[in-house]
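When a residue number appears, it is its place in the shown sequence, counting from 1.
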Amino acid sequence: MSDPWDGPGGQATRSRGARVPGQRATGPEGPRPGGRAAARAAASRGKGGKRSRRRARPVRRGRRVLKIAGMCVAFLVLATAGAGWWFYEHLNGNINSVALDGKGGSEKADAFGRTPINILVMGSDGRTSKADCKLGGGCSQTGVQTGNGNADVQMVVHISADRSNATVMSIPRDTMVNVPACKDSESGQSTSGYYGQINSALQYGPACQAATIHQLTGIPIDHFVKLDFSGVVKMSDAVGGVSVCVSDNVYDTYSHLKLSKGTHTLKGEAALEFVRSRHGFGDGSDLGRTVSQHIFLSAMIRKFKSAGTLTDPTAVYDLADAATKALTVDDGLGSVKKLIALAADVNKVPTKRMTFTTMQTAPDPTDDNRVVVGAGAKSLFASIAGDQSLTTGSGKKATKATPSASAVPAAQIAVTVENGTEITGRASEVADALTGQGFSSATTTANAPSSASTTTLTYGAGQKGEAQTAARALGLSSAHLEQGTGTGLTLVIGADWTSGTTYPGGSSSPAPADTKAAVSDAHAQTADQAKTCAKVSPYRTVSLNGVPMTPAQAYAAATSKPDSDQ
């Protein structure tokens, strides 16, 4: 169809008296010079002013071109949408997720309806694929193994309810604890509970590892993320390498990490060697390794948050593809949408307010190669469970909580819990809840002298602040508090409280922790400390050709072995 403004050959079809909207009326001498009619006349003539024999190109062909272009655009839109959908489904298909059984506890919302996030990040030593066997070794006799392996890396990542701060707490793998009764939903392997190394709980499934750490710390574990050897390699490659610094020449003959003094960008196997090295740093134990892992993760987080990583489509795809292939997560994180939401929450926290810590430990009195929970750990547990930041708004370490009439650190408070009901085990149940929130291990249990109809918390002279802290943790109102003639705190559980660890109708919240004690001896550092170097061990923690030596001496002796970043 031709345009209604023009007839065949582009000739005007309007009546002579009709006026074109927007044009001036012609004068008695015809079209005004330079008007539309003049332009048409000039266009219809060839050189020298003669009329061209070439016919004007019909508008129909132009419309056909536009239609084809429109179809191409529509096809591109559909193709792009299809590619996006394929990409989304591809990433979702990469994710391996496992259900948590609820034994790890759950977070409660604050007064504004905001909920903290607690994620257990685990690095498995399992050789469950040919790639892991090649990277980790040890499969020459056993071949590819089955099961979950041990959790050689365990970090509780806490993101505050208001997303203003975060705390990462490493738990050394050599810590001796009570592992609760567990059953792996996938393998069916189960245990009735035992006393052993904390990292061994993963053999009964990720949910068992989460339940073990919840039982130890009192911190609810909402989610978990598990990586294996090849996962670390994939993630470090996807971000283009991670920049780390070492304080001296180092050669760990066990993890095979070999680096010269200074800063290096580590990819692939070199990154794995760095995070696995326990003989190269600190005192040559797992405690030194946790600090170097914090340095590595801090550098990775800084790179994640840098504009270059997040604005490069290729880098984002590689990172997303690597992450979803590398991770095993709980069902609550089992989709790309949920992982993106988690990444967005992490991205809200400034690096100067991300605090990395290591749980305080003490030597195991029965085994020099093992450790137990040390002094200060309960304050660290309580600060995380209570959603307390370990940094101020400026990124400096939080100062010591000042005890007041309404806030005395739980670690300083012991409670005698007496059962005044007819229900067996009530005192132990409530006492365990108190110690789980960081109250003193000197908390004891007993039977009340007689049955009690109501619950009371009696305190001695000058101990009202302690009583208020305990009452706050248990959900007791001030009506339940009484000052007595003796000393200490005595909680008598009455017939009005026959079940649960929070008083019916009450609202408990973790007692305020001493944040200075929480970071004491915890090797605390923030993620913005880019110049921190991993301290190479000065001790003879490695061996070369059967000769014990320091990692620096081993570096000098191993001239034929190339550095890990070469």
Is the distance between the ring centroids of H264 and F274 less than 6.0 Å?
no
Please check this pair: side chain of T421 against backbone of T498, looking for a donor-acceptor N/O pair closer than 3.5 Å.
no
Around atom CG of D528, are there more than 12 heavy atoms of other residues, nucleotides or ligands at under 6.0 Å?
yes
Which heavy atom of R426 sits nearest a heavy atom of I493, and at what distance?
O-CD1, 3.8 Å
In a table with atom names and distances, give each donor-acceptor pair under 3.5 Å that connects a side chain of residues 367-377 to protein atoms at least two apart or in another chain.
from : atom 1 : to   : atom 2 : distance (Å)
D367 : OD1    : N369 : N      : 2.9
R370 : NE     : Q197 : OE1    : 2.8
R370 : NH2    : Q197 : OE1    : 2.9

Search all heavy atoms of S520 against all heavy atoms of Q360 and return the closest pair with its distance.
O-NE2, 2.9 Å
Non-hydrogen atoms of S564 and E273 that approach each other most closely:
OG-OE1, 2.7 Å
Report yes if the side chains of Q388 and T167 come closer than 4.5 Å at any heavy-atom pair, otherwise no.
no
Do any pairs count as a disulfide (SG to SG under 2.5 Å) and have a residue in residues 153-220, sequence neighbours left out, and if so which ones?
C182-C208
For Q463, is there any backbone N or O sitting under 3.5 Å from a side-chain donor or acceptor partner on E466?
no
Among residues at least two apart in sequence or on other chains, which ones pass salt bridge (charged side-chain N to carboxylate O under 4.0 Å, His left out) with D248?
none
Testing the basics here: between P350 and S164, what is the closest heavy-atom pair and its distance to 0.1 Å?
CD-O, 3.8 Å
Using the rule given for salt bridge (charged side-chain N to carboxylate O under 4.0 Å, His left out), can you reason through D252 versus R289, listing the C-alpha separation, both sets of side-chain angles and the distance that settles it, and then say yes or no?
CA-CA 12 Å; D252 181 349; R289 176 165 64 173; over 6 Å; no
